[in-house]
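Report on the structure given below.
For clarity, every value in this text was computed on a predicted model and none was experimentally measured. Each chain gets a letter, A, B and so on, in the order its sequence line appears, and its residues count up from 1.
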Amino acid sequence: MAGSGNLHLREQEKPLLRVEDLVVNFLSAGGETVQAVSGFSIDVLEGETLGLVGESGCGKSTTARAIIQSPKPTAGSIQLDGVELTELDDEEMRRTRPILQMIFQDPISSLNPRRTIRDVVAEPLYVWWEEETGRLAIASWFEKTGNLFQKISSKFSRPARILAPLAWLSLIFWLVSEASDERSLETWLSWLKTPAQFIGFPVLFILAAMAAALSVVGAVWLVLAVILPFGVISGKFGSVTNTVGLTGLFTSLFAVVFLFFRTWSSLGGVAHWLSSGILLLAVGFLAVWSLLACREPSRAGSSALAVLVFMLFAIQVFYIVGLDGNTKLAVFSLSAAVDGILYWLIARRYKLARAQMRQRAEPEVKRVLEAVGMEVEGSLERKPHEFSGGQAQRISIARALILNPKVVICDEPVSALDVSVQAQILNLLEDMKAAYGLTLVFIAHDLAVVKNISDRVAVMYLGKICEVGPPELLYSAPQHPYTRLLIDAIPRPDPEFDQRNAVRIEGELPSPLAPPSGCRFRTRCPNVQAKCSTEEPQMKEVASGHYVACHYPADSELNQ
Amino acid sequence: MIKLKLRKRTREVDETSRTNNSLGLMFWAAVSFLAVLTFCAIFADILPFKNPTQTFKGFNKNGPSGSFLLGNDGVGRDILSRVVYGAQTSLVIAVVGTSIALIIGGSIGLAAGYYRGKVDRLLTIMLNTTLIIPPLILFISLILFLDPAAERRMFILIFTFALLSIAPIGRVVRANTMAWSEREFVLAAQTIGARNGRVMFREILPNVAPSLISYSLIVMATLIIVEGAVAFLGLSVPSPTPTWGDMINKGRPHLDVAPHITLMPALSMFLTVLSLNFIGDKLQEKFESKAAIL
Amino acid sequence: MKFLKRNIGRIVLTGLVLVILFAWFARPPFSWTFGLLILVGAFGALVTDANYAARRIFSLIPVLLIVSFVVFSLMSSLPGDPALTILGAGATAESIAQLNQELGFDQPFFNRYGNWMGDVIVGDLGTSRILREDVADGISRSITPTLQLMAYSLILAVLIAVPAGMYSGYKNGTRQDRIISYTMLGFLAIPNFVLALVLVLFLAVGGVTIFGVDIGFRWLPAARYVPIGAGWSDHLKHMLLPSLSLAMSQAAVFMRLLRSDMIGTLRLPFIDLARSKGLKTGRILFRHALRPSSFTLITVMGLSVGSLIGGALITEYVFTLPGVGSYIFTGIFKRDFVAVQGAVLVISTLFIVVLTFSDLLYLALDPRLKHQSEAA
Amino acid sequence: MAKKFVKAFAVLFAFSLIAAACGGDSDETAIENEPEVVEEEVTQVEEDREQGDATGEDTRDDMTAVHGGRLVYGVEADTSNPFVPYASSCAISCRMILRSVSDALFITGAGGNIVPHLVETIVPSADFKSWTMAIRDGIKFHDGTPLDGAAVAYNLNTCRMSPLTGPALSQISDVTSDGQSVTISYTFPEALGPAALNSSTQCGFMFSPTWLQTIASNPLLTAEQRATAAGNPTELVGVGAFTFKSYTPGNGNSFIATRNADYWRGENGITGEELPYLDEIEFVVSVDIQGRSNGLKGGQFDIIHTSNADEIKKYEGNEDYVLLQANDYGETSMYMLNAAQGTNPYAGALRGDPELAMDPLGMNSTNPMIHLSCRKAAAHSLDTQRLADERGAGIVKPANGPFPPGSMGYLEDTGYPKFDIAMAQTEMEQCKIDSGQDPVTVGVTIGQDPFSAETADLVVSMMDDAFGEDISVVVTPIEQGQLIGLALAGAYHVMGWRNFGGVDPSELWYWWSAYTASPVNPTVPELALNFGRFVDPEMETAMQGVRFNPDPAVRKASAEAVNRLFGKNVWNLWTTWTLWGLISSPRVMDITTFTTPEGTMTAPVVAGKHSVQQIWCQDGNCQG
């Protein structure tokens, strides 16, 4: 029964969310393909609530995660408000996320145990405000410094955040390089031992000891010179490769290895050769990276910055190699000073903006928390584990709502809650839907839960849709044998109805590694026929807006 | 009979889980020992310690006395001040080594555990390559081949120590990150549009940090022992800068007539390592039990 | 075949013990012993999970190549002229040039590396010009005491750690547990060179008096190595103190691991089932709880080889044992880079093989892992 | 003042002209009355030590020697590999091994005279330019090769042609043999003659020429012979009381030799004596003195040697062990200074380059010790009495020159700078001007054992006390075996050292001669036995008086002049006179007692070395 076909999609009505032929496959550890979702299609109109039901393991949650592109689906199309999500790159997708939110099954697990409720709820605001302010800070700084980079693109918050601490380090290292001599370790240790200076700079202490230990303060500068530009570059191109952290890592590793060999190469021999090779590699790596940056037209402004930083870096690197001790130190001090001031200025702008953020977020946080029915007083500074499951789920909903999303996907939001709380949360979601004009995709394994909240219900089995329809039709006249079985399984307070006589689903869900041929439900179907194993049923309309994918639906002649 | 035993056992278990939450007297004793040692080491120049390299004529091999609280060594130096200044060396090397390893190993572990897949495999290989050559062998090869003349000994010491600690720390972080990445709040953070870096550093790192810190303490303890071993072989920071391992080594010829020369540095090394291990253990226990509640 | 599969853990263990016994009595070259050990381990793993084992074994090749390269380039960068070191003080410029040519030092780095690797693959580690012997011979000779020292330490550590860990885990939370745990924590904090000094002072040299009471004994020898051939008891007597000083910190690590795993295992339902069957405590601990608690221990035992090698180096120094640690030490100080190069390569290879091997053994002992690795 | 410096190739040249020329007729070593009580013995030893003539004689009651037993000797270093004399940097441990497997042509007598051993008679020509020796007939090497004149000549020629030992034998122009006789010709009158080839020199020991011809490094072989030579240069084939059994290099390993039943002084030999008594002798390398001492106490060693006075002191009065102390003919501990600078016309004349630069690469130019003021400042700052008391347990005495008390050139006051901080500071001011450094930076290279390192700490602290911020001392510990290499190449500034042991000052000329001072150049090292590389014309003159003048009074005056020159120019920083200790289990007998077949007593211990043929163990069991 679970079958294919897109008959149930409402082409004419321009749905807000449209999923077509969604396929999600995983590779198992054994190298086999798990077909979690195969050819799933659905659409949701604006303001509509879609109920998605099915047994555990049928692919509901996988579908939900595929919709939010985490992970990206194997195939198929997902359109949100006309935008094809599967074709967005990581950065574009990230920018789309505020309008597509999700509420999770386990309320406790979905809240970071180490953060206060205030921060949990306001985090989305922080994320986006920081982008904004960071971008503004840098843009304004560059404007002031000669209009060189007027076209700074909108993607500059991350560098600012990286630069904030690094700027301080720059200054510190500048100081270090100014102050050191050949016996720098002793000098520094004795200097640092003086309490006033020591207490203020624990980090400085560690790094200074390192620097002193290296005996070539400039060498430490090299590490910075490598890491700093990469902070800038990688922040910008994170969306290209989505391996921001990795890049930084590689760079610092390059630097460390290079440093090592450099020290080594002072002893001559093959090490010198190796160090040159590694240096060449590092520089080449950077060069390619910068070229890559220039090729992206939308990021022209930041590319220019990348090139500048790269040049700065290259100059520094080549100076290290070519110069003698004293000149080296002088050059380092100079470039250190320039870098340091540059980064420090950027960071200062950024820091100022950030200080106001929490304050700015407070009314917003209070508003959503009140909206979801939380007691705001006294709960802002508490940690998630101090709340009950129901309260935590409310917080979760508040977090999803604070960005004013259009679509909220609720992945079994009540199945981990007590029955009494379930109703509260369901009611809350209904209220929110009304208040914010939300479009909901509501996932549950229990048909009873979605019955009242949904405008449309889809039943899923083993990665495919069996039946779609308005709840009143679907519940009263289920066409698909699987739907019928699910409805029969709902406990009901009807003394006439003998639960034991109801038809039961027998057997286990088949393995998604090797789904049955033809109709996927045939192995457990009470009405199975020969045709079911050879031919996959297609979606067909049995009533207005009621679609079923079964060769022998309940109303068909054969069943009667 | 057996039933009785069983019940008794259960009660004991309950007791321990209760005591686990308070850190206990021993923990604070260990912390205060380290605090005093660190304080003395940092402010050794200001505090009234004798010059650790000054040899007092006629005091060689003297036992503890009023003016020399822990006695004098083979050439009449004050053991107390040498122990304190030795702590300086040990602590600086261990702390700096661990910090570097923490930064590098931590980022590698975080990235490997968060991104998984190919990134994970690549980084794991990188971690494992640092384990190829057995630590001390690598160490001695490095020292003797890079710098037989002890000019850059401190650099090599720290470099090697960092290199040796990257893999263990990286592994711990990776495993922890993997476990925490399973939590839905990570997905939630991605859903609100946070970048990967933000997710790693703001969401996962604070959760990984406690076990990371307690593990780093244990790594630090190990580094102190390894530094001692290297100094014992005469390959650490050049003399006369006091280090514990060097003091133990130099006390060896006098072991039968003046055991205190060896005993005092050995004891301080023992107590430091013990304290670090103990604190690390207790913190780990505490955080684990807390994590279990969540 | 089914019998084989079911009892593979036991078969492999028996095989290993047999190989080790054979190695000690028949004294074949150590390369053979290693070969045999690896074969037995690989066999066990192959029977259990051929794919995985093959992958692991093949993945050794690049690792070994990396090691050889690292070792070679390290040793090649040593300060000073190797030919001069070899020829000694009386060398003339011509003789140095001639020897350089003879040894191939005038060739480019990669040529030298290639030549060296080619020789190493056929088991020729070169000839040490300073010790004037074949490096492979020298390593074969000196690795025996080291391997014995490591083996005895490992055995001692296990002998101490297993009962202590089991008892402590069983008595979890009681005073006995605390006493044992803290004692072991103490041993963890004693560096092995200090322990060695203390043991020698009290058990070997004698003459230590405190308040007039003689507390020094001369029970055990403090120096020298006696091969097995010269008498088992004498050999063991000479190895006892070094092994003990090396074993204690390992024992502490093992004990703490076993203890925590034991606590975990004892909470599992099947232990309650065993109890409800009325089995005696000892039987429950040894027959039911030990095996599932010992898997981490086995992995860590493999990893501990690294620290054992390092510890052996210091122990050999204190106890004057002519092991591979002394060999490397002498080689390094005499700038005998051929010898050091060979020895470091052998030790690293040994280390990697043991690591891999402990993984494979783990697999052989616990076939469940196969399924886990698939599920993960 | 570090204790265990490896001694260089002490290609020591013996000794007194007259005694040698007369062929050892004097039998002046009447056995003294032995003190009976241990305490008296201790007192006696202390007195001897004060005089500088603690001989290390084994004065225990004579019992009848018995055969059997296996002796394990813990030695301080694995100093030579290979042991073939022409290629060996043979220090004390190596010499002990040579003495077990072979014998020397001559041996030092108890009075410091030279006594023939393998040689029967020795006759010089009238002009002392040619000496003829008759070798004892009937002696065979371990491989059956007879010891004849040709064999001796072959041995001497390998040493002459070797780049290592050749310079020390440079005055020999020719060696010819005929049957059992060997004639050695010299380029100038040599008053000592071949008596120099005694048991103190490695080239005095004879090895089978048949075996030597199989050794590839043999300088006498042709290229073709070398290609096929397959002998092992460590498997010694000598004429000695023990035959080679096995040798494994490295710390903790050993050299084992078994009893030679056909020893020429054994029951099957030409003298019909019973030597040796032991069945087997094993020399175990145990670099660490604590390791050796613990091994002795734990019963793994039966006898150990050490020059660590601190350790020797611990055994004094301990009745569980036999302690023999020796400091006559002893060495001097010092901090050797590298004085290479300027030109060396003496060595230059030999090489045809009168402007021979001593420091062509400028490696030593930063060494402040090339300036007399710096040397004096350093000497003034060292409290040698304190070093002797605290590092030498008070049983060694501070040294003031190369000649210890009892030696020919010994002086109460050599003019060597005394410990005086005020003077030291004055000199330091001058030193700072001379060297142009502030602070003055000195590198000190020492052995890596803990005791030496601790001593160096004390020395550094003394200099700190004297000069404070004016001086910066960098101490580098190096493995013992490496020190000699650095000394030969001149790659050091200041080095802890122990040298100049010898019976007669004339033996020491090449340590101090400008002719043996080669330039500092590690890339092309040349044999510089004058490790300090000082060029001192006055020293050359004074040493000629010692070497070539037969008049004892002139020789003594010349030796004293040498001593004063050392005091004046401060070529080395003296610390203490070296004291050797042999410590053994009481079962080991006749440790140092050795007589020639003719019954002449030999010197018990010469700079730590002694004979091993005569050692026996009570009940033929050394372990008890």
Side-chain angles (χ1 to χ4, degrees), chain B residues 2-3 5-6 9 11-17 19 26 125 128-129 131-149 221-222 224-226 228-229 232-233 244-245 248-249 251-252 255-256 259 262-263 265-267 269-278 281, chain C residues 63 66-67 70-71 74-75 77-80 170-174 177 182 185-186 188-194 197-198 200-201 205 207-208 249 256 263 266-267 272 275-276 278-279 281 303 305-311 313-314 317 325 328-329 332-333 337 340 343-344 347-348 351-352 355:
Chain B
I2 290 162
K3 226 181 164 191
K5 235 180 185 170
L6 238 166
R9 211 181 70 84
R11 191 170 49 79
E12 285 160 1
V13 170
D14 287 344
E15 262 174 20
T16 42
S17 54
T19 47
M26 289 273 284
I125 288 173
N128 287 345
T129 44
L131 288 173
I132 287 174
I133 300 180
L136 208 61
I137 303 273
L138 170 75
F139 196 87
I140 286 171
S141 315
L142 275 181
I143 281 194
L144 291 153
F145 282 99
L146 289 182
D147 189 24
T222 317
I224 289 180
I225 288 195
V226 177
F232 183 75
L233 294 173
W244 291 338
I248 294 171
N249 186 30
R252 218 147 50 93
L255 197 57
D256 42 0
T262 311
L263 194 66
L267 203 64
M269 186 189 265
F270 171 73
L271 286 178
T272 312
V273 172
L274 188 67
S275 305
L276 283 172
N277 275 330
F278 194 79
D281 263 18
Chain C
V63 175
I66 295 175
V67 176
V70 168
V71 168
L74 251 185
M75 301 300 148
S77 69
L78 87 169
Y170 172 66
K171 290 275 184 186
N172 176 24
T174 62
D177 171 36
Y182 288 166
L185 198 65
L188 197 62
I190 301 183
N192 61 9
F193 54 96
V194 173
L197 291 184
V198 172
V200 168
L201 188 64
V205 178
V208 183
S249 59
R256 284 149 54 90
I263 293 172
L266 287 177
R267 283 186 187 147
D272 290 336
R275 274 212 189 83
S276 65
L279 293 181
T281 309
L303 278 170
V305 170
S307 49
L308 277 178
I309 290 173
L313 204 143
I314 290 205
Y317 173 76
I328 291 181
F329 219 57
I332 285 172
F333 277 122
F337 73 103
V340 178
V344 172
I347 292 239
S348 309
F351 182 48
I352 296 162
L355 272 186

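For the pair B:Ala229 and C:Ile314, the tightest heavy-atom approach, listed with the atom from each and the gap, is CB-CD1, 3.1 Å. Across all non-hydrogen atoms, the minimal contact from B:Ile225 to C:Ala189 is CD1-O, 4.1 Å.
How far CD1 of B:Ile248 is from CZ of C:Phe193: 4.5 Å, rounded to the nearest 0.5 Å.
Looking at B:Thr262, only its side chain comes within 4.5 Å of chain C, counting heavy atoms on both sides.
A 4.5 Å side-chain heavy-atom check between C:Val194 and B:Phe270 finds every atom pair outside the cut-off.
Here the options are B:Val273, B:Thr222, B:Asn277, the test is side chain to side chain contact (heavy atoms under 4.5 Å, CB included), and the partner is C:Leu188; only B:Asn277 passes.
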